[in-house]
Amino acid sequence: GVVITGAAGYVGMSMKYQNTYLPGTCINGMNAAGMSPKAVEEAMAKEAGDYSLRLVLRNDASENIEGSAIGLNTVFDGSLENILKQQNPYTWPIHMIKGENYEIETMLAYEDEALDQAVDSLNAMDPAHVTAPENAHLSDYIKGEGYSVIPETEGDQLNPEKVKEEVKAAINDLKEEIDLDELGCYEEPAVRSDDESLTAMADSLNHYVNMTVTYTMGSKNEILDGEQIHTWLSYEDGQVRVDEGKIAEYVKSLAAKYNTAYSKRTFKTSYGPEVEVSGVYGWGIDQQAEAAALKEALAEGKNVTKEPAYAQKAASHDGNDYGNTYAEVNLTAQHMYFYKDGKKILESDFVSGNVSKGYTTPPGLFSLTYKQRDATLKAAHTFQRNECSQPVDDKNYDEGVILVVCQRHIMYVVHSDEGDGYGTECQYGRIPDRTFDPLYPNGEESQFFAVGFAYPPEHTTLLILKHRRQLCCNERCRD
C-alpha cells in the first residue's frame, strides 16, 4: 500500500509540473517554482508597473526614476514557454535538491526618449544646483606665506551619458537602487593636489617671494619683499620668469627717491642767508648695474641687506648729502670758508676765473677729482726767466693753507696778519710788490693765507692743504 501511495504521489506531482516550472526554478531572479508561464508574466508585469529606481547621489542626496514615467512594460517572446518545454516534469525530485536559474532577454521595454527626459530632469542635472569640479591650483600670493597648492574640488556634476548608461542597465535588471558615485558617474577634476608639476610650480615661485632685499641708505631702509616681487613673476614651461622691465622700473624708482646729484638743495651760507645749490655732486645709483645685481639676488632666493650699486657717492644720506666737511666758495664776494666736522677752520679771499675771457668758475656742488701728496706745484709765467715752484710735503701739519695757482703766473702767498698792506690794486685784484717777505726776520717760517692776488687770473685753481708750507722759492715773487 505504501509503494502504491508513493508512486501515485510521484506521478501526481509529475503531472503538475507539466504545466508549471519545476522546484528551484528562478527566472531573472524571480522564484518561478510551481508557476505557469502566464502567472510569471503577470507577476513580472505587476513588478514592472510598480518599479522605482533609487539613485544615490553625493552629499547624502538621492532621487528616484519611476517605471511609469518612462513607460516601463513587459514584453514576452515565448522564452517562458520554451523554458517550461525544456524541463522534464519527472525530474522534479532532483530539482528539489538542486534548482536552475534562467535569464531571458527583452523582457522589459521602456521609451528611450522618456528615459532621457527623466534623467535630464533630475535636480542633480540642474546647473543651478550643481557644483562643477575644480582642478587643484596655486593660491594667490599671501603675504608672509607665499604660494600654496589649493586642493581640488570634487563637486557634484554628473556625466549625463554615463548616468543614462547605468540607469538602463539597472532597469533591465529591475534593480531598486544604484550608487552613482560608486559607478563613476561624476565628472572628476583633471588636476589633483598631488600633481608633481603643480607642487614644483609652488616651490619655484616661493623661492623668489619668500625672501627680502633690504636697501640701506643711511638711517633709511627700503625693503623689497614678496608683496612686490610676486607681480614680477610668471611661470612658463616649468620655469619662473622674472620681468626684467619691472626690475628696471623698481631700481629707477629708488634712484628717483634717493639720487641727489643735480638736485636742488638748501644751503645756509656763512653769511647767514639760505641759498639753493645744485651740481654734479651727490648720490647717483648706477641703475643698470643695480638692476643686474638685483636680478642675481632674486635668483639666489636668500635674504640680503645691501647698498645699491652707485655711479657716484656723497658724504651722507642723512641731512645734507655733502656732510659737515666742505669748502664754501662765494663767487660774488670772492671769499671762501673751509669747514671740517662742522667747524670753520679756515677762511680766505680768492680770485676766480676771468669771465670775460671764458674762464668762468662754474657755480655748483662739486667733489674732489683727486688728491696728491709729495707733489711739486709749478706756475710758469712769461715775465721772468725762471719758474717758481713749491713742494708739497707732509712736514709741520697745522690748520691749513690755501695757495692761489695761476697758469701763467707764480704763486702768491701773504701772511694772514699782514697781507692786506701789500701790493697795489688793479683790474685783476691786488698786484704783489717786492716789499713782502714770507719769512719772519729771524728766518722762521710763518703761517700764510692766500689773498686775492692774480695777474692775470686765468685758470685759477684753489687748493686746500692741511699743513703749513715751507716756501722754497729761490727768489721773491715779482710783478
Side-chain angles (χ1 to χ4, degrees), residues 137-150 197-267 276-326 341-342 365 367:
H137 59 281
L138 285 188
S139 68
D140 292 333
Y141 171 77
I142 301 174
K143 187 173 183 180
E145 297 181 16
Y147 294 92
S148 61
V149 175
I150 303 297
S197 62
L198 190 61
T199 55
M201 183 190 302
D203 292 341
S204 297
L205 291 171
N206 286 333
H207 173 84
Y208 286 87
V209 301
N210 288 338
M211 63 167 294
T212 59
V213 179
T214 304
Y215 286 100
T216 59
M217 284 84 165
S219 62
K220 302 181 183 68
N221 289 332
E222 285 288 332
I223 298 178
L224 173 65
D225 57 20
E227 191 76 7
Q228 188 163 6
I229 295 172
H230 86 275
T231 65
W232 303 351
L233 306 179
S234 61
Y235 194 85
E236 300 175 13
D237 301 326
Q239 298 291 327
V240 175
R241 303 186 187 280
V242 184
D243 190 332
E244 295 185 12
K246 295 292 183 64
I247 293 178
E249 288 178 9
Y250 176 76
V251 174
K252 184 177 180 181
S253 71
L254 287 182
K257 185 174 183 179
Y258 291 100
N259 280 3
T260 58
Y262 301 102
S263 65
K264 291 183 178 181
R265 280 146 282 181
T266 300
F267 175 76
E276 279 192 342
V277 292
S278 64
V280 67
Y281 181 83
W283 295 100
I285 294 175
D286 186 332
Q287 296 186 41
Q288 184 175 357
E290 182 51 38
L294 178 54
K295 181 181 178 182
E296 184 176 343
L298 293 174
E300 286 289 327
K302 299 178 180 178
N303 294 340
V304 60
T305 300
K306 66 189 296 288
E307 284 190 332
Y310 286 107
Q312 63 183 66
K313 294 185 177 183
S316 174
H317 277 294
D318 301 316
N320 298 320
D321 63 349
Y322 48 80
N324 55 13
T325 297
Y326 57 87
D341 298 328
L365 289 175
S367 59

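Side-chain atoms are counted along with the backbone in the values below, which use heavy atoms only and exclude waters and symmetry mates. The first residue in the sequence is number 1, and the count goes up from there.
- A 4.5 Å side-chain heavy-atom check between Lys257 and Glu222 finds at least one atom pair inside the cut-off.
- Here the OG1 atom belonging to Thr260 is positioned 11.0 Å from the OH atom belonging to Tyr322, to the nearest 0.5 angstrom.
- With rounding to the nearest 0.5 angstrom, the CG atom of Asn324 is 5.5 Å from the CG atom of Asp341.
- Here the OG-CE distance, from Ser316 to Met217, works out to 13.5 Å after rounding to the nearest 0.5 Å.
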Exercise. Do Thr212 and Leu224 pass the side-chain contact (heavy atoms from CB on, under 4.5 Å) test, and can you show the C-alpha distance, the side-chain angles, and the key distance before you say yes or no?
Worked result: CA-CA 6 Å; Thr212 59; Leu224 173 65; over 6 Å; no
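- A pairwise comparison of heavy atoms in Glu290 and Ile285 identifies CB-CG2, 4.3 Å as the closest pair.
- The nearest pair of heavy atoms linking Asn206 to Glu145 is OD1-O, 4.2 Å.
- The 12-atom threshold is not exceeded at CD of Gln288, counting heavy atoms of other residues, nucleotides or ligands nearer than 6.0 Å.
- Taking the six-membered ring where the residue is Trp, Tyr258 and His317 present perpendicular rings, their angle passing 60° and hence far from 30°.
- Lys306 is listed as a side-chain neighbour of Val213, based on a closest heavy-atom distance under 4.5 Å.
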Exercise. Does the pair Gln312 and Trp283 meet the rule for a side-chain contact (heavy atoms from CB on, under 4.5 Å), with working shown?
Worked result: CA-CA 6 Å; Gln312 63 183 66; Trp283 295 100; over 6 Å; no
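- Summarising the geometry of Lys143 relative to Asp225, their closest heavy-atom pair is CE-OD2, 4.4 Å, with the distance given to 0.1 Å.
- Remark: Asp203 CG to Leu198 CG distance equals 10.0 Å, nearest 0.5 Å.
- The heavy-atom pair separating Ser204 from Val240 by the smallest distance is CB-CG2, 3.4 Å.
- Counted within 6.0 Å of CD on Glu244, heavy atoms from surrounding residues, nucleotides or ligands total 12 or fewer; the atom is thus considered open.
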Exercise. Can Phe267 and Tyr326 be said to form a ring pair (Phe, Tyr, Trp, His ring centres under 6.0 Å), step by step?
Worked result: CA-CA 12 Å; Phe267 175 76; Tyr326 57 87; 5.7 Å; yes
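- With a 4.5 Å cut-off on side-chain heavy atoms, Tyr215 and Leu294 count as touching.
- Closest heavy-atom contact between Thr231 and Lys246: O-NZ, 3.6 Å.
- Side-chain contact check for Leu138 versus Ile150: every heavy-atom pair is 4.5 Å or farther apart.
- Counting heavy-atom neighbours within 6.0 Å of Lys220 NZ, excluding the residue itself, gives a total above 12.
- Going from atom CD of Glu300 over to atom NZ of Lys295 covers 13.5 Å, rounded to the nearest 0.5 Å.
- By the 4.5 Å heavy-atom criterion applied to side chains, Pro308 and Gln287 are not counted as neighbours.
- Side chains of Arg241 and Tyr235 form no contact here, defined as non-hydrogen atoms less than 4.5 Å apart.
- When all heavy atoms of Tyr281 and Asp321 are compared, the pair lying nearest together is OH-O, 3.5 Å.
- The closest side-chain heavy-atom distance from His230 to Tyr147 is below 4.5 Å.
- No more than 12 heavy atoms of other residues, nucleotides or ligands lie within 6.0 Å of CG in Asp140, so this atom counts as exposed by the packing criterion.
- The aromatic ring centroids of Tyr208 and Trp232 lie 6.0 Å or more from each other.
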